[in-house]
Amino acid sequence: MVTDCKNYDFRKIEPFWQKKWLEEKTFHAENEGDGEKYYVLDMFPYPSGMGLHIGHPEGYTASDILARYKWANGFNVLHPMGWDAFGLPAEQHAIATGQHPSINTENNIQRFRKQIQSLGFAIDWDREIDTTDPYYYCWTQWIFLQLFKNGLAYVDDKPVWWCSELRSVLANEEVINGRSERGDFPVERKNLRQWVLRITKYADRLLQGLEDIDWPDSTKRQQIAWIGRSEGLELDFEIIPNGPKISVYTTRPDTIFGATFLVLAPEHEFVERVTTPENREKIKEYISNAKRKSDLERTDLAKEKSGVFTGRFAKNPFNGEPIPIWIADYVLISYGTGAIMAVPAHDERDFEFAQKFNIPVKQVIVSPQAQFRTLNNQNYRRFFNDSIEEDGSSESFPSEVYESEESHILPQAHFQTLNAPNYGKFFNDSIEEGGSSEPFLSEIYENDGPLDRDSEDVADSLPFCADGLLINSGEFNGLTTEEAKKQMAQRAEQLSFGKRAVKYKLRDWLFSRQRYWGEPIPILWIERSQYDRALAEKNAYFYDQIPADVVSYVKDGVEWCAIPIREEQLPLNLPETDTYLPSDNGESPLARMKQWLNIFVNLSTGDISMVPQTGFISAIRETNTMPQWAGSCWYYLRYMSPNCEKSLVDPRAEAYWRSPDFYIGGAEHAVLHLLYARFWHLFLYDIGAISAAQEPFRKLFHQGIILGSDGNKMSKSRGNVVNPDEVIQQYGADSLRLYEMFLGPLDAMKPWSMQGIEGVYRFLRRIWVLYVDGEGEMEEFLAEDDAAVDRLLHETIKKVTEDIEALQFNTAIAQMMIFINAAQKTGISHRTAVIFLQLLAPFAPHIAEELWARLGEAFSISKAGWPIHDASKLVRGQVKVVLQVNGKVRGEILVDSDATQEMIEEIAWQQSRFMGFLSGKRIIKKVYVPGKILNIVVNF
RNA sequence: GCUCGGGUGGUGGAAUGGUAGACACGCCAGACUUAGGAUCUGGUGCCGCAAGGCAUGAGGGUUCGAGUCCCUCCUCGAGCACCA
């Protein structure tokens, strides 16, 4: 059954097949199967009121091509779609209209579903999920309870980012340069009680896990930077005389002999104690100034350092030297120990500070290249000979730094560019066994003057922050940075004035939001005395559901303790209300709903009552909700068994699908979603909720952004927004899909062009005309293909297959265009017509399915197998060999593909034009690249 | 400032160290047409009548041969930004 179109009427063809795929559940995946499984995942969309953006189909088409390609290859493919539907816009709509956000959300989902379906994706719609569906967020809440139970969710009263515009707190990751990621509103620091997830406990595993997953480098780098692991030393500096010890953290203990002052953050606990009476006033003022500055100002004013001297000194544990203690706000209380040893010679910030306050700068590290940098041709050889021992070894250049694998170029070029890790290699490579140095021609070794290694010429410019060799560092002199770090750590630990330490930039994840439209946190608060009593009597229903350390906070002199809602009571539904606006004091709208808020709980059963009852005590509900990231942290698991009622994922389904084989989505989620989801996945793995894989996304890809035709980001205000519905109406879904893939490399930023889409539309129409005549009847196909077309077909099979595997869809489409251009001229056989459609189907499934059916083939082309190229058909009888003289093209000849170099030369000598370039010249060399190039090198 | 990733015709973009510009858009010419913003055919990097020369951000280097490898600089984009 096909449509009745005579021409390429995509408006009929596309809905026809979309309906059929839906009705027949063509792309339904079973949780078992004969074929190998393949799980293709798109980052699910937030169903905004704006409808589908033209950028959405880019990633979705890419994943759809893969899905259909894998179906054709006999895989059991899971390609699902769902909705990340909690979020701010729906809530703001609710605030504005007074209408429950679920209504608006549902409308948006309907629209998105319809739009996505109109693109003909091979999606299993039976597995559609919605994060705002209580049957879904039930399990989001369940995961939270497990985090709570395992001590990974706790409340904290530390300063958090507060955005008064959004009336909500934000996670560190959601704050960019002192403004909210969403909406770009200003944020400020505020002390609020908040739920926090202990993601820092997973810092090391989140780092290690990156090593063997196939992700874009930039995304890996971003996560590595965000986790910010550093190894260093915590060192004790004793306050003189006999004061307490200030612990500082440093990653550069090798520079400690250059420490000329010590800095405490203004919030450091020792500030009071170290300040001498005459400095007290000054310090007080400085601290209150620092406090007034927002974090934004503190970082914004980074150019100009500020600080005050405390009047006191501390003793350098390595050399006993007294160094002044300063207070300065360029040191952050939130990292390390909140105190640093400052080494101005080897740290830019310390240098800047020292310059401003006239503190001595003492160089203790020299760069080996400092000497190279200034050596001229006459001197460098001398320098070498002076440095190299008789046995060829080189004292100043320890072999440890001989690491990289570069080959050498010109000696001089090397000097300009060698960095510390490479210079040793250069030496070792250059020096012969006898101590001589071949690459350094003796002609340039002329100057007999003494080599002045101490002259100012060779000095490093300060601050010098790279690795190097130690000077002015007592017994550590001459060591490399690397070796010195080791030895100094050992020394510090032996004499117990320091210890090795690992620090992270990653902070715990601020997990609560003061919003209505989010998952309620399934926690109750009861008074400490009740909590303790229930535990002592061992009848608490939550006995084995709470962390080892009580989670509590104190308000108005009462300590409240967190207990979980019984798992069987999940989902904890959002209570109905008609006021969605958060209060401006940092409380969620839920806090206003007194009836819902104040309840009674039976501590032995976990039962909840709205009214007082015997055996029930009063409790308060947690009123914060979860951030939008919560639902997207585990949705890929829910797709595996979307209706499972017993657990978040059916263990059998999870064991079968394991984790997505391919994940595609925007690069804007590089740290947020992708870090949070990895954290939850590791946790779920640890508690045995899942078992198949420790990393959720083994292969990740970011599609690029599609810009407006003016090269700018699409935006309403610029008026360069392209509406996918209109494009589909005008050119069809196949054209849209094809065009977005043809635009350029998948990961590149590309400007949209309405003229460009005409090209792929013509391509599809030419295909139609090749198959169908003006009456809607199939064309008469050739009995046999032209040999060249046959070869081209096999080249096309090969190219399209390889390009799909490599995600190079633009060149795959170009190859299909080449094929059609040729086929149009000669005509094709029925067999070839069938094969070409199979190649086309993942890209333009509607027209392919239609023509497939018209050829009399069985539904559906997407399951009809994938053609394999015949290598023997690719062999050409004759090949073109390009003739070059000194690398310039001077002709070409057609020869048998098995021709030898001699035979080719013989033919070449007969080419008059070519010979013209050779006459009167002496042939120095002949370079023959088999079947491609004959290059004759001549002299004049 | 630091770290990455780019820079190729009028445009989007192709090119395992081996004929730079595939494919497409646009443009030019022609055909069919009452008509063409439909379709088809041919042409199209720049200079030059041609022979030929010049061309992948600029400059240098390695190589028989460089868009591709190395160095310096310019420039655009992304990320990070007092994390000691």
Side-chain angles (χ1 to χ4, degrees), chain A residues 176-177 216-219 221-222 225-226 228-230 232 248-252 255 263 298-303 305 328-332 334-343 346-350 352-353 406-410 412-414 416-417 465 503-507 667-668 670-671 705 709 711 739 742-745 747-760 762-763 765-766 769 808 810-818 821 824-825 880-892 913 916 924-938:
Chain A
I176 293 163
N177 291 333
D217 270 349
S218 63
T219 303
R221 265 198 307 274
Q222 276 183 62
W226 190 261
R229 183 182 200 274
S230 75
V248 307
Y249 174 68
T250 180
T251 56
R252 291 296 303 272
T255 64
V263 188
R298 247 170 96 163
T299 49
D300 239 21
L301 296 173
K303 303 128 206 161
K305 292 273 179 294
D329 66 4
Y330 81 93
V331 173
L332 307 177
S334 51
Y335 183 80
T337 60
I340 62 160
M341 63 174 212
V343 185
H346 306 294
D347 182 279
E348 269 177 44
R349 297 147 303 177
D350 298 345
E352 217 180 294
F353 193 86
E406 317 233 10
S407 60
H408 35 242
I409 328 169
L410 269 191
Q412 295 96 321
H414 249 97
Q416 285 155 18
T417 58
C465 304
K503 303 280 177 198
Y504 300 91
K505 289 193 216 172
L506 183 70
R507 302 294 142 78
E668 66 274 17
V671 274
I705 295 169
S709 49
Y739 180 57
F742 186 59
L743 217 42
D747 55 356
M749 264 195 195
K750 303 152 286 223
W752 177 269
S753 155
M754 268 305 177
Q755 281 173 333
I757 197 170
E758 287 275 0
V760 295
R762 279 178 212 155
F763 167 61
R765 214 168 32 193
R766 283 209 305 274
V769 172
Q808 286 158 4
N810 54 334
T811 49
I813 294 167
Q815 181 65 35
M816 289 191 281
M817 287 174 167
I818 293 171
N821 290 345
Q824 208 176 17
K825 294 194 172 90
K880 191 160 65 177
V881 172
V882 171
L883 305 176
Q884 294 183 336
V885 177
N886 284 352
K888 296 205 176 214
V889 179
R890 299 302 184 191
E892 58 181 49
R913 175 168 174 261
I924 296 170
K925 191 173 174 182
K926 298 173 191 168
V927 180
Y928 176 59
V929 183
K932 277 187 176 161
I933 277 172
L934 177 66
N935 186 17
I936 308 298
V937 186
V938 298

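To find a chain, count down the sequence lines: A is the first, B the second, and so on, and within it residues start at 1.
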Rounded to the Å, how far apart are [X] [atom1] and [N] [atom2]?
X	N	atom1	atom2	value
Lys503(A)	A84(B)	NZ	P	11 Å
Glu348(A)	A81(B)	CD	P	16 Å
Asn886(A)	G53(B)	CG	P	12 Å
Trp226(A)	C80(B)	CH2	P	7 Å
Ile924(A)	G65(B)	CD1	P	11 Å
Glu352(A)	A84(B)	CD	C1'	14 Å
Gln824(A)	G42(B)	CD	C1'	15 Å
Ile757(A)	U11(B)	CD1	P	22 Å

By the 4.0 Å heavy-atom rule, please label [X] as base, sugar-phosphate, or nothing.
X	value
Thr251(A)	sugar-phosphate
Leu743(A)	sugar-phosphate
Val889(A)	sugar-phosphate
Gln222(A)	sugar-phosphate
Val937(A)	sugar-phosphate
Ser230(A)	sugar-phosphate

Approximate separation, where rounding is to 0.5 Å, of [X] [atom1] and [Y] [atom2]:
X	Y	atom1	atom2	result
Met341(A)	Asp347(A)	CE	CG	9.5 Å
Ile813(A)	Leu743(A)	CD1	CG	10.0 Å
Ile757(A)	Gln755(A)	CD1	CD	12.0 Å
Lys305(A)	Asp329(A)	NZ	CG	9.0 Å
Arg252(A)	Asp350(A)	CZ	CG	11.5 Å

Looking at [N], I'd like to know if its phosphate oxygens (OP1 or OP2) sit under 4.0 Å from a side-chain N or O belonging to [X].
X	N	answer
Tyr330(A)	A84(B)	no
Arg913(A)	G52(B)	yes
Lys888(A)	G18(B)	no

Please report the distance separating the [atom1] of [N] from the corresponding atom of [M], rounded so that it comes out in whole Å.
N	M	atom1	value
G67(B)	C2(B)	P	30 Å
G61(B)	G48(B)	C1'	32 Å
C32(B)	U41(B)	C1'	11 Å
C71(B)	G79(B)	P	26 Å
G12(B)	U19(B)	P	24 Å
G21(B)	A15(B)	P	13 Å
U56(B)	U68(B)	P	9 Å
A22(B)	U8(B)	P	16 Å

Around atom CD of Glu348(A), are there more than 12 heavy atoms from other residues, nucleotides or ligands closer than 6.0 Å? no
Kindly give the atom pairs (protein nitrogen or oxygen, nucleotide nitrogen or oxygen) under 3.5 Å for nucleotides 22-31 of chain B.
unit_1: A24(B); atom_1: OP1; unit_2: Asn821(A); atom_2: ND2; d: 2.9
unit_1: C25(B); atom_1: OP1; unit_2: Arg762(A); atom_2: NH1; d: 2.6

Looking at [X] and [N], is any side-chain donor or acceptor paired with a base atom of the opposite kind under 3.5 Å?
X	N	answer
Lys925(A)	U63(B)	no
Lys926(A)	C64(B)	no
Lys880(A)	U19(B)	yes

Kindly write out the residues that satisfy side chain to side chain contact (heavy atoms under 4.5 Å, CB included) with Ala667(A), not counting sequence neighbours, or none if the list is empty. His702(A)
Measure from the side-chain N and O atoms of Arg890(A) to the backbone N and O of Gly916(A), and report whether any donor-acceptor pair falls under 3.5 Å. no
Can you check whether Ser753(A)'s main-chain N or O pairs, donor with acceptor, with Tyr739(A)'s side chain at less than 3.5 Å? yes
Can you tell me the pairing partner of [N] across any strand shown, Watson-Crick or G-U wobble, with both distances under 3.5 angstrom?
N	value
A31(B)	U39(B)
A24(B)	U11(B)
G52(B)	C47(B)
G1(B)	C80(B)

Which one of Leu934(A), Val889(A), Ile933(A) satisfies the side chain to side chain contact (heavy atoms under 4.5 Å, CB included) criterion with Leu883(A)? Leu934(A)
5'-most contact on RNA chain B: Met749(A) or Asp347(A), nearest heavy atom basis? Met749(A)
Where does G9(B) land, syn or anti, given syn is within 90° of 0? syn
Between A84(B), C64(B), C82(B), which nucleotide gets closest to the side-chain atoms of Asn935(A)? C64(B)
